[in-house]
Amino acid sequence: MTTLSRPHRPVAERAALMVPIGLLIAATVWGQPAAGRLLALDVAAGAAAWLLLALVPARPVLATLLMDALAAVSPAATPAATVGTLHTAMRRPLRLAVAVGAAGVAAHAARWPVRPTPGLSWGWWLVLIAVAHAALVGWGTLHQARAALIASLRERAARAEAEQHARVAEARGLERARIAREMHDVLAHRLSLLATFAGALEYRPDAPPEQLAKAAGVVRDGAHQALGELRDVLTVLRAAGDGAEPDGPQPVLADLPALLDEARAAGTPVELAGGVEDAAGLPPTLSRTVYRVIQEGLTNARKHAPGAPVRVALAGRPGDGLTVELTNPLTGGTAALPGSGTGLVGVAERVRLAGGAAEHGAAGGAFRLAARLPFPAAER
């Protein structure tokens with residue numbers, strides 16, 4: 001509907017100008033004490049000025065100057081000329097509007113010797129036309145400034161809305177990436193344990209029944225735990241969709257002994273060296289990041305070097321930072337499990353978001369994963 005109405009805007013604008021101004025011109029001609037040639041001049045000048053009103057929306061300066069020329073010889077052109085001055089001030093720069101207003105004052109002042117207004121001196125006439133044209137220019141300039149302000153506010157609102165949409169989209173992307181890392185950290189660790197015990201059942205069918213039953217029980221318990229952790233991850237996903245924090249507790253550094261026991265039970269010898277001073281004072285986000293780094297390191301070792309020993313070294317104290325390092329030989333006892341290759345990338349991104357740096361790679365026949373994180377000193 002807006003598109004259809006646009007072509008009719010100039011027509012409606014011209015009609016809004018020409019109809020009332022035409023009535024004013026007619027009233028002016030009717031009220032003039034003129035006859036004969038002067039009456040014919042007023043009628044002709046008024047008609048010409050009325051027709052020139054059609055040019056005001058597109059060419060306000062030219063139309064107004066022509067109407068001022070007509071107003072210099074006939075008062076019938078004055079209503080149209082004043083409207084032209086107002087439109088010029090509303091649509092053109094102030095300097096040009098002042099020049100057109102001055103031309104209008106000069107035209108009306110020049111008409112006085114030929115067509116004086118009864119009961120009014122030339123001085124007062126000059127004051128009145130100067131004040132009237134100044135008011136027209138001021139009114140039009142104020143209207144133009146107000147329109148510019150409204151346009152600026154609309155543009156700023158549109159820009160702020162676009163920036164808000166961009167921030168929301170970025171936040172959603174970061175949240176999806178965080179959830180993807182959380183799913184990988186939780187499920188990859190648990191499923192790799194299941195794959196290890198399932199492989200033992202497959203390759204050792206001649207094992208004693210007690211060991212087979214124990215391995216099957218571990219697989220069953222691991223499956224139940226994986227399902228529970230999957231529910232936790234889905235809870236995180238739903239909470240992220242609602243813009244809320246997850247309600248369930250997330251693993252932290254205090255849960256490290258249970259994680260190491262799981263790895264040892266799956267056949268990965270794990271040695272823990274060092275420790276963290278004031279571990280209870282670790283911020284929850286930092287503590288969870290350290291846990292995830294160690295969890296991913298153990299998962300990576302179990303996938304690519306199954307059965308190989310892993311050394312976990314921790315060091316840190318408030319104010320000095322915290323380091324975690326995992327090393328394991330590159331060879332293992334059984335076939336390696338497939339991996340997506342994104343676990344270490346996710347760990348590096350998680351560490352980076354926590355304000356630290358991570359590195360990993362093979363050197364000297366061993367694989368090393370190391371991360372350094374800030375450990376702020378406790379406030380006093």
Side-chain angles (χ1 to χ4, degrees), residues 178 181-182 184-186 188-190 192-193 196 225 229 249-333 336 339 342-380:
R178 185 184 73 82
R181 289 194 301 270
E182 196 74 21
H184 179 278
D185 293 342
V186 172
H189 171 72
R190 185 65 57 193
S192 65
L193 287 175
T196 299
Q225 292 175 356
E229 290 172 348
Q250 300 295 304
V252 292
L253 192 58
D255 301 313
L256 181 60
L259 178 66
L260 300 183
D261 290 341
E262 284 184 351
R264 295 184 184 109
T268 301
V270 181
E271 175 191 358
L272 178 62
V276 178
E277 293 185 17
D278 192 19
L282 276 173
T285 302
L286 178 60
S287 183
R288 184 161 57 250
T289 300
V290 174
Y291 180 93
R292 293 305 189 194
V293 170
I294 298 174
Q295 183 185 54
E296 177 56 32
L298 294 174
T299 301
N300 188 69
R302 189 161 51 248
K303 285 182 178 180
H304 302 289
V310 179
R311 184 176 186 273
V312 180
L314 276 172
R317 63 179 183 177
D320 290 343
L322 188 152
T323 58
V324 54
E325 180 178 292
L326 291 90
T327 55
N328 63 270
L330 291 176
T331 57
T342 61
L344 294 175
V345 174
V347 163
E349 180 65 12
R350 182 185 288 267
V351 171
R352 185 188 69 81
L353 292 176
E359 58 181 10
H360 57 84
F367 187 85
R368 174 175 174 268
L369 169 62
R372 179 169 182 84
L373 294 154
F375 187 178
E379 297 182 358
R380 296 183 179 180

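Sequence positions, counted from 1, serve as the residue numbers for this chain.
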Tell me, do Leu282 and Leu322 make a side-chain contact under 4.5 Å, heavy atoms counted?
yes
Val290 and Leu314, any side-chain heavy atoms less than 4.5 Å apart
yes
Between [X] and [Y], what is the shortest heavy-atom contact and its length?
{"X": "Ala313", "Y": "Arg311", "value": "CB-NH1, 3.6 Å"}
{"X": "Thr323", "Y": "Arg372", "value": "CG2-NH1, 3.0 Å"}
{"X": "Pro269", "Y": "Gly307", "value": "CD-O, 3.7 Å"}
{"X": "Ala354", "Y": "Pro374", "value": "O-CG, 3.6 Å"}
{"X": "Pro329", "Y": "Pro309", "value": "CD-O, 3.2 Å"}
{"X": "Pro251", "Y": "Arg288", "value": "O-CG, 3.3 Å"}

Going by side chain to side chain contact (heavy atoms under 4.5 Å, CB included), [X] matches just one of [options]. Which one?
{"X": "Asn300", "options": "Lys303, Arg302, Glu296", "result": "Glu296"}
{"X": "Leu260", "options": "Leu272, Thr268, Asp255", "result": "Leu272"}
{"X": "Val312", "options": "Leu326, Leu259, Val293", "result": "Leu326"}

Among all residues two or more places apart in sequence or in another chain, which pass the salt bridge (charged side-chain N to carboxylate O under 4.0 Å, His left out) test with Arg368?
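By the salt bridge (charged side-chain N to carboxylate O under 4.0 Å, His left out) rule, Arg368 matches Glu325, Glu359.
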How would you list, by chain and number, every residue that makes a salt bridge (charged side-chain N to carboxylate O under 4.0 Å, His left out) with Glu277, sequence neighbours excluded?
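So Glu277 forms no salt bridge (charged side-chain N to carboxylate O under 4.0 Å, His left out) with any residue.
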Tyr291 OH to Leu256 CG distance, which is reported to the nearest 0.5 Å
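So the gap between those two atoms works out to 7.5 Å.
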Distance (rounded to the nearest 0.5 Å) between Arg350 CZ and Leu373 CG
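These two atoms lie 11.0 Å from each other.
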Assess whether side-chain contact (heavy atoms from CB on, under 4.5 Å) is satisfied between Asn328 and Phe367, documenting all intermediate values.
CA-CA 5 Å; Asn328 63 270; Phe367 187 85; 4.1 Å; yes
N/O donor-acceptor pair under 3.5 Å between Thr289 side chain and Val351 backbone:
no
